[in-house]
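All remarks here apply to the structure that follows.
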There are 2 protein chains.
Amino acid sequence: MVVHAGEHLSTRDLIINEALHCFSEVGYDGTSLNDIAAGVGIRRPSLLHHFPSKEALYHEAFERLLSDWFERLAGAIASSERGWSKVQLVIGAGFDFFADNHEYVRLMRREALDGGAHLGIDLAAVLRPLWDRSVDFFREQMEAGVFRQHDPEQLLLTGYGAILSYFSDSPFLGGLLDEDPLAPDALLRRRDHITAFFRTALVP
Amino acid sequence: MVVHAGEHLSTRDLIINEALHCFSEVGYDGTSLNDIAAGVGIRRPSLLHHFPSKEALYHEAFERLLSDWFERLAGAIASSERGWSKVQLVIGAGFDFFADNHEYVRLMRREALDGGAHLGIDLAAVLRPLWDRSVDFFREQMEAGVFRQHDPEQLLLTGYGAILSYFSDSPFLGGLLDEDPLAPDALLRRRDHITAFFRTALVP
DNA sequence: GCAGACCTACCTACTGGTCGGTAGGTCGAG
DNA sequence: CTCGACCTACCGACCAGTAGGTAGGTCTGC
């Protein structure tokens, strides 16, 4: 997983963390291997001793981030809850993960923007099973009358945009609002709103 | 405004259109002046005869796009409608503009991702007045009992994410769904869903 | 003749990546 | 304990390629 604390980190891990930071902040093209190496405190050739190429480094860093995210969501998804409480659980888990890793949400968004095309992983293919399961879940619950009728895919798209955008665009939103969107109480308010908003839309 | 058709365009306009295309597709760093020049059918120094620098070109292209967007929304915003029909009008105008210019939505998103920091315009500052007016509008209508009670800013944030993300992330979403998100009937379905979704959330 | 649009040729800065080499540690053989 | 073989981690110097940008010349229409 993404190692956060500052102890006993191998150079490899330091590089990956710094790479995630740079790639998130200024994108793939905007990041030079020199930047990453400097952030770790080594030179570029030393970095390339640990990773064969820039693309390989990106690939590994992104994959680590993705598996982190999956791991974090797994519990909520696998839970045997049904109906609204399950949705609430998953929304909460997703939101909290993004809040804890808000820096890296921008990396995911960049990847989505470019369709994951030019670099490594096919994000859509990886997420597809999860997506399909969610669609099925909503369809079931709607047919059972537990939720109001909506197009399940459209509903998920809306949720996706509502949660992700808040974090990915936080540098921009900070200028639109009067407070830091990532401040604890702002996060709490956002979390509450999204939950309440979808509750009113779903629960009859 | 952004000139779409292919007649009587000055080289300047051709450059700006091609620049918007490239910047949207692969971002600022991912676009070279050679790419743009080649798209227009001239050489790079000739391009730099019309614009003093890459950044200046980006600035002008983006500003043109932004003023287009304002112009398009102005009618809907200035309308004297109140309540839900006004919201419907603005949502519709925004959605349709994005649909017509889906390519450029990705440019706006890139700008939001980077907080507009490193290039030219402070997007947030430009949009701020519009934002504040919208917040006030919702607050009024809620207090008047026309709309259900929500946090107006949170509501706008959700709408922002729900509409914009669909277009900006369409390359990614195409892999998640079974159809092209930008196909006419897919667009229609998205438009209907967003409208209906916010109607249920707002109209008591 | 002149001005604008365009070109080729060139510059510097920086990119990702390779090369050869070195400091320091670990190992097993004698 | 010592010696040499081997290893990982790191470095400076260098490479080819490309970036944005400039200088100076040519061509065309007024």
Side-chain angles (χ1 to χ4, degrees), chain A residues 3 6-64 107 110-111 114 116-121, chain B residues 3 6-64 107 110-111 114 116-121:
Chain A
V3 187
E7 32 171 333
H8 299 318
L9 294 191
S10 68
T11 303
R12 255 189 84 90
D13 286 332
L14 284 173
I15 292 173
I16 289 194
N17 280 1
E18 182 65 22
L20 277 175
H21 172 70
C22 291
F23 287 142
S24 301
E25 209 67 24
V26 289
Y28 184 84
D29 289 320
T31 301
S32 88
L33 292 184
N34 276 324
D35 297 335
I36 302 174
V40 177
I42 59 176
R43 311 276 155 247
R44 187 177 64 259
S46 312
L47 187 157
L48 286 163
H49 167 74
H50 295 275
F51 299 90
S53 71
K54 183 183 183 181
E55 230 178 283
L57 169 58
Y58 179 87
H59 191 277
E60 181 156 343
F62 191 82
E63 210 161 40
R64 182 176 295 205
L107 180 53
R110 290 183 197 278
E111 201 59 23
D114 299 329
H118 55 129
L119 298 172
I121 306 166
Chain B
V3 187
E7 34 171 331
H8 297 317
L9 293 192
S10 68
T11 303
R12 256 189 83 90
D13 286 333
L14 284 174
I15 292 173
I16 289 194
N17 279 1
E18 182 66 24
L20 277 175
H21 172 70
C22 291
F23 287 142
S24 301
E25 210 67 23
V26 289
Y28 184 84
D29 289 319
T31 300
S32 87
L33 293 184
N34 276 324
D35 298 335
I36 302 174
V40 176
I42 58 176
R43 311 276 156 245
R44 180 168 27 87
S46 311
L47 187 156
L48 287 164
H49 169 73
H50 296 274
F51 298 90
S53 71
K54 183 183 182 181
E55 230 178 285
L57 169 58
Y58 179 87
H59 191 278
E60 181 155 343
F62 191 82
E63 212 162 38
R64 180 175 294 206
L107 181 53
R110 289 183 200 278
E111 201 58 22
D114 298 330
H118 55 130
L119 298 172
I121 307 166

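Residue numbers start from 1 in every chain, and the chains themselves are labelled A, B, ... in the order their sequence lines are given, proteins ahead of strands. All of these numbers come straight from a predicted model, not from anything done at the bench.
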Identify each donor-acceptor pair in which a side-chain atom of residues 36-48 of chain A lies under 3.5 Å from a protein atom, sequence neighbours left out, and give them as a table.
residue: A/Arg44; atom: NH1; partner: A/Asn34; partner atom: OD1; Å: 2.7

Subject >> Gap between atoms NZ and C1', on A/Lys54 and C/dT15 respectively (whole Å) >> reply: 8 Å
Original post:
Between the two ends of the helix from C/dG1-D/dC30 to C/dG30-D/dC1, what is the bend in degrees, rounded to 10 degrees, where each end axis spans five pairs?
Top reply: 10°
Original post:
Which pairs pass salt bridge (charged side-chain N to carboxylate O under 4.0 Å, His left out) with one or both residues in residues 16-25 of chain A, sequence neighbours excluded?
Top reply: A/Glu25-A/Arg106
Original post:
Tell me: OH of B/Tyr28 to P of D/dG20, nearest whole Å?
Top reply: 8 Å
**OP:** Rounded off to whole Å, could you give me the CG-to-P distance for the B/Leu47 and C/dT8 pair?
**Re:** 14 Å
Original post:
Considering all heavy atoms of both residues, which atom of B/Ser53 and which atom of B/Ala56 are nearest to each other, and what is their separation?
Top reply: OG-N, 3.1 Å
Original post:
Does a donor on one side chain sit under 3.5 Å from an acceptor on the other, for A/Glu63 and A/Tyr58?
Top reply: no
Subject >> Phosphate OP1/OP2 of C/dC7 contacted by B/Ser46 side-chain N/O (<4.0 Å) >> reply: yes
Subject >> Nearest listed nucleotide, side chain of A/Pro45, among D/dC11, D/dG20, C/dC7 >> reply: D/dC11
**OP:** Mind listing the closest non-hydrogen atom pair of B/Asp35 and B/Gly30 along with its distance?
**Re:** OD2-O, 4.1 Å
Original post:
What residues, two or more places apart in sequence or in another chain, satisfy side-chain hydrogen bond (donor to acceptor under 3.5 Å, both in side chains) together with B/His21?
Top reply: B/Glu103
Subject >> A/Leu14 CG - D/dA9 P separation (whole Å) >> reply: 13 Å
Original post:
When the distance from CZ of A/Arg44 to P of D/dC15 is rounded to whole Å, what number comes out?
Top reply: 14 Å
**OP:** Would you please confirm or rule out a distance under 4.0 Å between OP1 or OP2 of D/dA9 and any side-chain N or O of A/Thr11?
**Re:** no
Original post:
Does C/dC6 have OP1 or OP2 sitting under 4.0 Å from an N or O in the side chain of B/His49?
Top reply: no
Subject >> Residue pair B/His50 / B/Arg12: nearest heavy atoms and the distance that separates them >> reply: O-NH1, 3.3 Å
**OP:** Would you jot down, in residue-number order, the residues of residues 30-43 of chain B having a non-hydrogen atom under 4.0 Å from DNA chain D?
**Re:** B/Thr31, B/Ser32, B/Leu33, B/Asn34
Subject >> Salt-bridge present (B/Lys54, B/Asp29; N to O < 4.0 Å) >> reply: no
Subject >> Spatial distance of atom CG (A/Leu57) from atom CG (A/Leu20) [nearest 0.5 Å] >> reply: 8.5 Å
Original post:
What is the distance, rounded to the nearest whole Å, between atom CD1 of B/Ile15 and atom C1' of C/dA5?
Top reply: 10 Å
**OP:** May I ask you to test the A/Phe51-A/Glu60 pair for a side-chain heavy-atom distance under 4.5 Å?
**Re:** yes
Original post:
Should B/Tyr28 and B/Arg110 count as side-chain neighbours, where that means a heavy-atom distance under 4.5 Å?
Top reply: no
Atom pairs, protein N/O to nucleotides 25-30 of chain D N/O, distance under 3.5 Å:
none

**OP:** Report yes if a side-chain nitrogen or oxygen of B/His50 is closer than 4.0 Å to either non-bridging phosphate oxygen (OP1 or OP2) of C/dC6; otherwise report no.
**Re:** yes
**OP:** Rounded off to whole Å, could you give me the CG-to-C1' distance for the B/Leu48 and D/dA19 pair?
**Re:** 12 Å
Original post:
Of all heavy-atom pairs between B/Cys22 and B/Thr31, which one has the smallest distance, and what is that distance?
Top reply: O-OG1, 3.2 Å
